[in-house]
> 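Mind looking over this structure? Questions follow.
Protein chains get the first letters and strands the later ones, always in sequence-line order, with residue 1 at the start of each. Bear in mind the structure is a predicted one, so any value in this text is a computation, not a measurement. The basis for the numbers below is simple: all heavy atoms, side chains too, and nothing from hydrogens, waters or symmetry mates.
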Protein chains: 4
Amino acid sequence: MKESKKAQKRRKILECAEEVMRRDGLNKFSMDAIVKEADIAKGTLYLYFKSKEDLLAQVTVKAREDLLRRFKEETGNKAEHLDKVRAILWTSYHFYKEKELYNDLVAYYEVNRNLEDTDALQEVGERIQLFVLSILDNAKQAGHVKKDTNTATLSLMMWGMSNGILNLIDTKDTLLQKFTGKTKQTFYHSFIELVIDSIRS
Amino acid sequence: MKESKKAQKRRKILECAEEVMRRDGLNKFSMDAIVKEADIAKGTLYLYFKSKEDLLAQVTVKAREDLLRRFKEETGNKAEHLDKVRAILWTSYHFYKEKELYNDLVAYYEVNRNLEDTDALQEVGERIQLFVLSILDNAKQAGHVKKDTNTATLSLMMWGMSNGILNLIDTKDTLLQKFTGKTKQTFYHSFIELVIDSIRS
Amino acid sequence: MKESKKAQKRRKILECAEEVMRRDGLNKFSMDAIVKEADIAKGTLYLYFKSKEDLLAQVTVKAREDLLRRFKEETGNKAEHLDKVRAILWTSYHFYKEKELYNDLVAYYEVNRNLEDTDALQEVGERIQLFVLSILDNAKQAGHVKKDTNTATLSLMMWGMSNGILNLIDTKDTLLQKFTGKTKQTFYHSFIELVIDSIRS
Amino acid sequence: MKESKKAQKRRKILECAEEVMRRDGLNKFSMDAIVKEADIAKGTLYLYFKSKEDLLAQVTVKAREDLLRRFKEETGNKAEHLDKVRAILWTSYHFYKEKELYNDLVAYYEVNRNLEDTDALQEVGERIQLFVLSILDNAKQAGHVKKDTNTATLSLMMWGMSNGILNLIDTKDTLLQKFTGKTKQTFYHSFIELVIDSIRS
DNA sequence: TATGAATGAGCGTTCATTCAT
DNA sequence: CATGAATGAACGCTCATTCAT
């Protein structure tokens, strides 16, 4: 399986790239650092990824795929429909706590508007949306969510809002303490309940 | 009026810097580009701003001050308490549409964790929070907002959520169309009503 | 006395320049630092000194004049001819310990060959040589120095050698300790006695 | 022989660097000039030397190694012990005449106190001292040098004095002519005999 | 005479990308 | 497939000097 060997190496490089990005920051990391971390030659890196931007996009795709997998795991555990919704939001929180890189990637793409989502990037984004949408639709059908809720809109809105809250939590810790006296987790809990309140029937 | 002449030039440079940042992106813009845009010599730029980071911080301060001014103007026009809250959120929206740079700046400082907010930067951030808080407190006192609402938490949460939504609107337009069929404005309207619903008594 | 007022300011700037050169080093100091130290405007500095190089030359002239003055004081105290010669060499040592800048200046001019001695610089150099020469000639005439000593040659040689030794003392302290176990002062003493031994009759 | 090819290029760059330093001066030379002289790209220079300071240190090491090699050659030719000592001093003279850069390098590291000698730099300096010391010790053991001579002290002193004299010769030619009428070589000869006189038994 | 804002060539260094082997 | 030496444009920043006021 030559095929699998190549894929394996690709995965290894991707993991090293994640590590380097986490360590050095999305604005500072260099291709050199990745090459060193992965213990490969400069040219080899360009054999697998055609540019720095491409590598960044593929790391992002992987991160989003990981997130989707976690969504599925965590919602699978829950019986109640609204708990599944809560699980989605808490997973975003925990995912960010474990691998803050993910949220950096989101923000990075937002700041660098001219980096347009690649096809693969869009595709996994859509898969995430579709999954969240299915959770919401089921909850609605089961009557646990207001009849007049536009689930598609809500699905996207949850994504936007939770990213915004996570960024705030991540960078405005002092302000958070000073104004609310709450921990990050308590603050995020308040956010989740605000969302749930506004949709529950 | 020597004073005013220097201040005038400073303002001019700041405006050129804004333009360049908008055009080239916060991660890509160069001091050279600003120098060229402002039609001044390299050294002159460093006469007014001691480093690239300093310049960035001062542009951010200016943007936040502009935002606060707009908050005051727009809430001043409204009679109803909840309309004042709506005005805050709509102002963020319009402000971003006119000067999308502002939201990038917010996110930028969030992505670059080790760029610590300067004193001036923090101070204006707090002034914004305090202003929004006063609006919410008044609304609560007047009985238009639920008794059990934690206004300080809400104030911060509104900031986080609206930034997240604005980023999403800005970068995921295709997704927005595909999933909801809504315009940016309609989508943002839904967001505002979700917030209002969850706080009104 | 407008004249004296100008001369006074010139002297003040010169002293500030010395201070800055001592503090920041001959290779690192900037005209800005001098302007700040002397509390004058940039343009004013250039009113008194036509360039950085000119300023450096004039500081050097002043340093050499100070050295010559000290030579005269210290040799004046001594009765014995050979003690006067010793006094010359010890004065170089103490002068360097108090104002190491002097030796830096010497070295600086040596490293920067294309900085040619200005007329004023040469002139004070010659005055120093003539003074040392007169000390040596008197000692020779008094029979305390070998008859066949070429005093002019010796005078220059003493200058060269003591500068070399002072530089070595200044920068190779570790080597000095490791190889000889001597203090700077003891080492310099050995040097002086080597010189005296080789000329005394 | 990949190894040798890299070493060869390193040597070539080192030689070009020497040439540029000689031409432009140790305080003025730029990395750009070296790149141009060696006809390589800017980045290539940094592939071989990690900074300007590193390059300077390595050029100095090379110069000192060359000097030591010459010391060994020239002393090897001589039968008499004192002629070996003379050979050391004459070698310094000739070495400086051929590659005046060497003495500048010595002085440069002395002027720039905070450029600490790297390990390699110190090590070759010590090797030189040890070699000279061995010459002096042999001469002493053979009874050609005074019994009470401290050879370690003398070894260092010879280094210091000859550097001082060479600098003087190099930069005070006019003074030398005017005061002594001697050529550089004759003057240096006088210096050597002064040293020899003061140590011979 | 004194000022200090303005200049701009120049610096050391980095790094994404290429290509001959 | 893999290598890693080589590239060179671009970067943020400095500073001696000038000149209009």
> Please work out the stems of DNA chain F from pairs that are Watson-Crick or G-U wobble with both distances under 3.5 Å, keeping only runs of three or more consecutive pairs.
E:2-21 with F:2-21
> Let me know the distance between CG of A:Asp39 and C1' of F:dT3, rounded to the nearest Å.
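Rounded to whole Å, this separation is 12 Å.
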> What is the distance from atom SG of B:Cys16 to atom NZ of B:Lys36, rounded to the nearest 0.5 Å?
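With rounding to 0.5 Å, SG (B:Cys16) is 13.0 Å from NZ (B:Lys36).
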> To the nearest angstrom, how far is C:Arg10 atom CZ from E:dT1 atom P?
14 Å
> Which part of the nucleic acid, if any, lies within reach of D:Tyr48 when heavy atoms closer than 4.0 Å are counted: base, sugar-phosphate only, or nothing?
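D:Tyr48: backbone/sugar contact only, no base atoms under 4.0 Å.
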> Check whether any side-chain nitrogen or oxygen of A:Lys9 sits under 4.0 Å from OP1 or OP2 of F:dC1, and answer yes or no.
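Answer no for this pair, as no side-chain N or O of A:Lys9 is under 4.0 Å from OP1 or OP2.
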> For the atom pair CD (A:Gln58) and CG (A:Asp54), what is the distance rounded to the nearest 0.5 Å?
4.5 Å
> In whole Å, I'd like the distance from the CG atom of A:Leu45 to the C1' atom of E:dC19.
16 Å
> In whole angstrom, what separates A:Gln8's CD from F:dA2's P?
12 Å
> For B:Leu47 and F:dT14, what is the distance between atoms CG and P respectively, to the nearest whole Å?
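Answer to the nearest Å: 12 Å.
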> Is the NZ or CZ atom of B:Lys52 positioned over B:Tyr46's six-membered ring, under 6.0 angstrom from the centre and within 45° of the axis?
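Verdict for B:Tyr46: no cation-pi partner in B:Lys52.
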> Among residues 12-21 of chain C, which contact DNA chain F at a heavy-atom distance under 4.0 Å?
none
> If you round to the nearest 0.5 Å, how far is CD of C:Glu37 from CE of C:Met21?
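Answer rounded to 0.5 Å: 12.0 Å.
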> So B:Thr44 and B:Lys9, do their side chains get closer than 4.5 Å, heavy atoms only?
yes
> Identify the two heavy atoms, one from A:Asp24 and one from A:Ala33, that lie closest to each other, and give their separation to 0.1 Å.
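Scanning both residues, the minimum pair turns out to be OD2-CB, 3.9 Å.
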> Tell me: NZ of A:Lys6 to P of F:dA2, nearest whole Å?
8 Å
> If you take all heavy atoms of C:Val35 and C:Ala41, which pair is closest and at what distance?
CG2-O, 4.1 Å
> Specify the closest pair of heavy atoms between A:Thr171 and A:Asn167, including all atoms of both residues, with the distance to one decimal.
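Closest approach of A:Thr171 to A:Asn167: OG1-O, 2.8 Å.
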> Go along nucleotides 13-18 of chain E 5' to 3' and tag each nucleotide: B for a protein heavy atom under 4.0 Å from its base, S when only backbone or sugar atoms are that close, - otherwise.
BBBSBB
> Just checking C:Arg11: does its CZ atom have more than 12 heavy atoms from other residues, nucleotides or ligands closer to it than 6.0 angstrom?
no
> Taking NZ, NE, NH1 and NH2 as the nitrogens, is one of them in A:Lys62 or A:Asp66 under 4.0 Å from a carboxylate oxygen of the other?
yes
> Is C:Lys12 positioned over the aromatic face of C:Tyr48, cation under 6.0 angstrom from the ring centre and no more than 45 degrees off axis?
no
